[in-house]
Every structure is written in structure tokens, then in C-alpha cells.
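Reviewing the structure listed below.
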Amino acid sequence: MSEREPIGVVGAGWVGLVTAACFAELGHRVVVREILPEKVESLRRGEVPIHEPGLGEMIDRNRGRLSFTTEMSELLDGPRLLFICVQTPPTYSGDADLSAVQRAVEGIGEPDGKAVVMKSTVPVGTGRAIHRDAPELAYVSCPEFLKEGTAVKDFLEPDRVVIGADNGDGWAAEAVAAVYEPLGAPIVRTDLSSAEMIKLASNAYLATKISFINEIANVCDEVGADVTEVARGMGLDPRIGSRFLNAGLGFGGSCFPKDAQALKILAGNSGYHFQLLSAVIEVNELQKRRVMSKLSKHFDSLVGKRVALLGLAFKPDTDDMREASSLVLASRLEGEGATVVAFDPVAEARAAELLPKVEMAGSALGALDGADAAVLVTEWPEFAALDWSEVAKRMAFPLLVDGRNFLDPKAVRAAGITYEAIGRPSAVDRSAVS
Ligand code: UGA
């Protein structure tokens, strides 16, 4: 087999590490440049700083092809393709903060025959602006569509690979297409700005789908329908599709909230008022608080009540707490005078820094001990396997709000627990339906 294209990666965050490990797995030599010396040291020692299934093992397996450095010069000493995987968090104005991207590109300079391959999510127009400032550096937009928790699989089995480049950078686009070619996915070759827009529009669309089903759930609560049944019936229409129709406590994470906001602001800065996205964002903010009214139905006041949160991470299989619904919910509960106790299989340490007043229980049953109410916030599979009779015994008042419509209402109810969900007012007993 011919020697595979060496790859450079700037940034050893979540996207950078997954990208680097997967390219190494595909047989490429990969140099990762990370600005934080302590992170480089720990990666060299074999420690992986994030919880992503399969990633640690993959890094271990490919040690011989992966190297980590703080020096940009080491990165430039070989690979032609330099994948930029740095963070682009929102600024106070809602625009994306591009300072890490700018530092990375400035650090690279304009060496001959090199291309920047932008993985970081950036506003449409960023590629062309960087190209104007550094015309000798080829520029390719190749947005990432990885999901936390399944990122390794998503990388190796993509639905599509999007590659955007303007005239003159055809060689670089070809080279990027060649490194993805073994994955056998459809490759969308397009211009730079369209590639950037595909990323933002994809995330904004998925966020819209979630806010839509959450609003349907809220109406279901009023009119006596079950949103899980509604989603099942809707999803069979291939024009709609069944995925991302799970109603719940809203979307969180490092991507949807930021990218929906970034696209709205980008449109606004360009003179267009993107009304739909404003609603998507607002619905999501309100959805995180939706549980409060469900609890209030059962208590005159939450003052002094002990409320257990099952799950804290923004979704299962990650310890990521960014924009997690649990943050808003815990703060609202504390605001109403409740004591909040929580359990998450992997996110407790991260969550404790953000929620100093919340008691971390270390186990689900520990959190439920003596609780006046419990809220399932993150659908970790182990919560579905809880012994509900034991839960009922442990709780002071057996009330459970299933914030992700994840549990079997019948099993929970059979143990004598009052079950509430999102958009399932009667949490339908299916035997009564069929
Ligand atoms: C998302 C996209 O799915 C990826 O394609 C994209 O690459 C990534 O953002 C990114 O831009 O980096 P991620 O944030 O990891 O991935 O998580 P998702 O699985 O998409 O879930 C996002 C949020 O939506 C979670 O809080 C989840 O609980 C919520 N969600 C998802 C729902 O409330 N309902 C659903 O039906 C699906």
C-alpha cells in the first residue's frame, strides 16, 4: 500500500483528538499541536482528558503513528494538510469568537504547499476572509458532524463528507477528498461559503426539529395526547424521519445552542431577521424549566423539599456539562428553596464545579434516598434498569418526572410511584391503547 498522507491537527480538544485518533487508525501519521503544555504531557503519558467511548483505546492502539507537541514548527515539518480543530465559543454579542482560529492560522503563516482544513465551526465568510489575509495558504472547509458519545463511530462511518474550496485550492480539496475516500461516504464537493453554511444549517435544522417536537409535547400535555405516539406516527413519513423527534428538557451541548445562536446573529449582521431561529432558541430555554410546573402541581411550595436529579450531563455517554439542562433546572430548584441532590455516572466532578450547592450522591439510589421528588434529566441506560420497588421505598414521596420520556411508565407506576413525563399527560397505559 502506498504511504498515507501525513496529517497535522491543531488543537487537542474533543474534535481534534477524535480526528487525530481516527486518521491514525486509518494508517496516517498524525502530529497534534496543542497550546497547553500540561495537556500535551498528559496525552504523551497516555491519559485521555475526555470521556468519549472507544477514543482512549484507539489512541493507545495507534501510539506509533500519533505524536503530540506544543511546537507549531513540528507540525509544519511534514504534513501538507493542517486540520484546525480549535474552539469557537460565542462572544457576549452572540458572534463566534474566532480568536483561537486566528491564532492558529497566524501560527501557521503562509508556507508553500500547505493547506488549512477548517473543522472548527465558523461563521459563513470566515474562510474567504482568512484567504484574503493569507492568499498563499490553501483553505478548505471540511465541517465536522460528529456527535458526542458516538464520535469515533460517526467519524469512521459518516453520512457524508463536505469539502468546500474556492478556485485555486483544488489540489487541497482533492487531497482532503483522498484521505476521506476509504470511508466510502458520499462526498459533497462545493464552494467555501456553501460548505460553511451546510454545517450551520444542519445543526440549526436539527435544533428546530427538537424545539418543534417539544412544542408538540407541550400541546399534548394540554390536550391529552402522547407525544411519543405522535412522534412514532410522524416519523414513519420518510420526509419527516423518526430521528431527533424525542421530546424532553431541551437541547444542550457545545453545538446546537451555540450554532443556532451564531446563525441567527450571522443573519442579523447581514441584515436578515431569522425569525424561526429566535423561536427555536426561546422554546429551548423555556423547555429546560418545564419540569418546575410539573413539580408545582404536587407541592404547595418547594421550600425545604429534597429533589433528586438523575443525570447531569447534556446527554448520555459524555461528561460534557456545556449548556446542560441540569444547570438551569438545578438553579431554578434552588431558587425555589429546594435542596438538590444529584447523580451522574461520569459528570459529577465537572458538574460539582458548576453547581457548588448541589449534593453529589455517587449513586442513583443514594440520590433518591429521602427525596421528595426525582427528575430524570439525562437518559443514561442504567436508569432504565433501576429497581422501582426499591426506589419507592427509599423516596420520602414517590414522585418521578421523566424529563426524557425514557422510562417505562407502567413499570414505574407498578411500584407505586407517581409518574410524570413531557407531553404524555396520561403516560398512556399501552394495554389500554391496543
Ligand atoms: C450535534 C450534532 O448532532 C452533530 O451532527 C454535530 O457534529 C455536533 O452537534 C457539532 O456541531 O459538533 P451533539 O451536540 O454531540 O451533536 O449531540 P446530539 O446528539 O445532536 O444532541 C444534542 C442535544 O439535543 C442533546 O442535549 C440531546 O439531549 C438533545 N436531543 C437530541 C433532544 O432533546 N431530542 C432529540 O430527539 C435529539
Side-chain angles (χ1 to χ4, degrees), residues 11 13-19 50-53 55 85-90 96 118-122 142-155 157-162 185 196 198-218 227-228 230-232 234-235 240-263 280-281 283-285 287-288 290 311-329 347 376-380 402-406 421-423:
W14 174 77
V15 174
L17 283 179
V18 173
T19 303
I50 49 173
H51 176 88
E52 185 62 40
L55 180 63
C85 305
V86 295
Q87 76 282 13
T88 52
M118 190 56 69
K119 282 266 148 209
S120 304
T121 302
V122 294
C142 181
E144 58 90 7
F145 299 102
L146 311 174
K147 297 184 289 302
E148 290 189 32
T150 54
V152 168
K153 183 171 181 295
D154 293 343
F155 187 100
E157 297 166 29
D159 312 311
R160 78 295 207 190
V161 174
V162 173
E196 291 169 339
I198 288 170
K199 167 68 189 185
L200 289 177
S202 298
N203 273 1
Y205 182 81
L206 291 169
T208 303
K209 204 172 173 187
I210 298 169
S211 276
F212 179 84
I213 200 66
N214 281 335
E215 290 224 279
I216 293 290
N218 299 345
V227 72
T228 63
V230 175
R232 187 162 69 96
M234 286 171 66
I240 297 173
S242 58
R243 296 174 69 190
F244 280 70
L245 279 184
N246 298 324
L249 295 182
F251 56 79
S254 63
C255 305
F256 286 173
K258 163 177 86 84
D259 291 351
Q261 183 70 19
L263 181 51
V280 166
I281 294 163
V283 167
N284 196 52
E285 281 313 308
Q287 200 68 17
K288 294 177 179 177
R290 184 97 188 135
L312 293 163
F314 87 95
K315 67 173 196 177
D317 266 330
T318 176
D319 58 353
D320 198 336
M321 285 295 298
R322 284 177 286 181
E323 302 283 335
S325 300
S326 61
L327 295 172
V328 173
L329 189 54
L376 185 141
V377 182
T378 314
E379 64 277 35
W380 284 99
D402 181 354
R404 298 288 171 187
N405 293 345
F406 178 61
I422 308 292

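Each ligand, and each atom within it, is numbered from 1 in the order the structure gives. These values consider heavy atoms only, across backbone and side chains, with no hydrogens, waters or symmetry-generated copies.
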Worksheet item: When rounded to the nearest 0.5 angstrom, what is the spacing between CD1 in Ile281 and CG in Leu263?
Response: 9.0 Å

Discussion item. With a cutoff of 4.0 Å, is Gly248 in contact with ligand 1, counting heavy atoms of the residue only?
Written reply: no

Practice prompt. Run the numbers for me: atoms of ligand 1, each under 4.0 Å from some heavy atom of Lys199, listed by number.
Written response: 6 (C), 7 (O), 10 (C), 11 (O), 12 (O)

Worksheet item: Are Glu285 and Lys288 ion-paired here, with the side-chain N under 4.0 Å from a carboxylate O?
Response: yes

Worksheet item: Under a 4.0 Å heavy-atom limit, does Lys209 contact ligand 1 with its side chain, its backbone, both, or neither?
Response: neither

Discussion item. Can you check which of Lys119, Lys258, Lys315, Glu144 brings a heavy atom nearest to atom 21 (O) of ligand 1?
Written reply: Lys315

Worksheet item: Roughly how far apart are Leu17 CG and Leu55 CG, rounded to 0.5 Å?
Response: 6.0 Å

Worksheet entry | Donor-acceptor under 3.5 Å (Lys209 side chain, Leu245 main chain) | no

Item to complete: Give, for atom CH2 of Trp14 and atom SG of Cys85, the distance between the pair rounded to the nearest 0.5 Å.
Response: 10.5 Å

Practice prompt. Would you mind listing which atoms of ligand 1 come within a distance below 4.0 Å of any non-hydrogen atom of Arg404?
Written response: 28 (O), 33 (O)

Discussion item. Looking only at protein heavy atoms, which one is nearest to atom 37 (C) of ligand 1, and what is the separation?
Written reply: Phe244 CD2, 3.4 Å

Worksheet item: For atom 5 (O) of ligand 1, what is the nearest protein heavy atom, given as residue, atom name and distance?
Response: Phe145 O, 3.1 Å

Worksheet item: What distance do Tyr205 atom OH and Ile210 atom CD1 have between them, rounded to the nearest 0.5 Å?
Response: 11.5 Å

Worksheet item: For atom 9 (O) of ligand 1, what is the nearest protein heavy atom, given as residue, atom name and distance?
Response: Cys255 CB, 3.1 Å

Practice prompt. Can you pull out the closest protein heavy atom to atom 30 (N) of ligand 1? Residue, atom name and distance to 0.1 Å, please.
Written response: Ile210 CD1, 3.4 Å

Worksheet entry | Glu52 side chain vs Ala151 backbone, donor-acceptor pair below 3.5 Å | yes

Discussion item. Strictly distance-based, threshold 3.5 Å: is any side-chain N or O of Asp402 a donor or acceptor partner for the main-chain N or O of Leu376?
Written reply: no

Worksheet item: Tell me, which protein residue and heavy-atom name are nearest atom 26 (O) of ligand 1, and how many Å apart are they?
Response: Gly252 N, 2.9 Å

Response to the item:
min-distance protein heavy atom vs atom 24 (O) of ligand 1 -> Phe251 CB, 3.3 Å

Worksheet item: Near Asn203, which atoms of ligand 1 are under 4.0 Å from a heavy atom of that residue?
Response: 2 (C), 6 (C), 9 (O), 10 (C), 11 (O)

Discussion item. Tell me the protein heavy atom at minimum distance from atom 34 (N) of ligand 1, and give that distance in Å.
Written reply: Asn246 O, 2.9 Å

Item to complete: Check each heavy atom of Glu148 against ligand 1 and say whether those closer than 4.0 Å belong to the side chain, the backbone, both or neither.
Response: both

Fill in: side chain to side chain contact (heavy atoms under 4.5 Å, CB included) partner of Phe145, the single match among Ile198, Val161, Asp159
Ile198

Response to the item:
Looking only at protein heavy atoms, what sits closest to atom 8 (C) of ligand 1 is Leu146 O, 3.2 Å

Item to complete: Report yes or no: does Thr318 contribute a side-chain atom to a donor-acceptor pair with the main-chain N or O of Glu148 at less than 3.5 Å?
Response: no

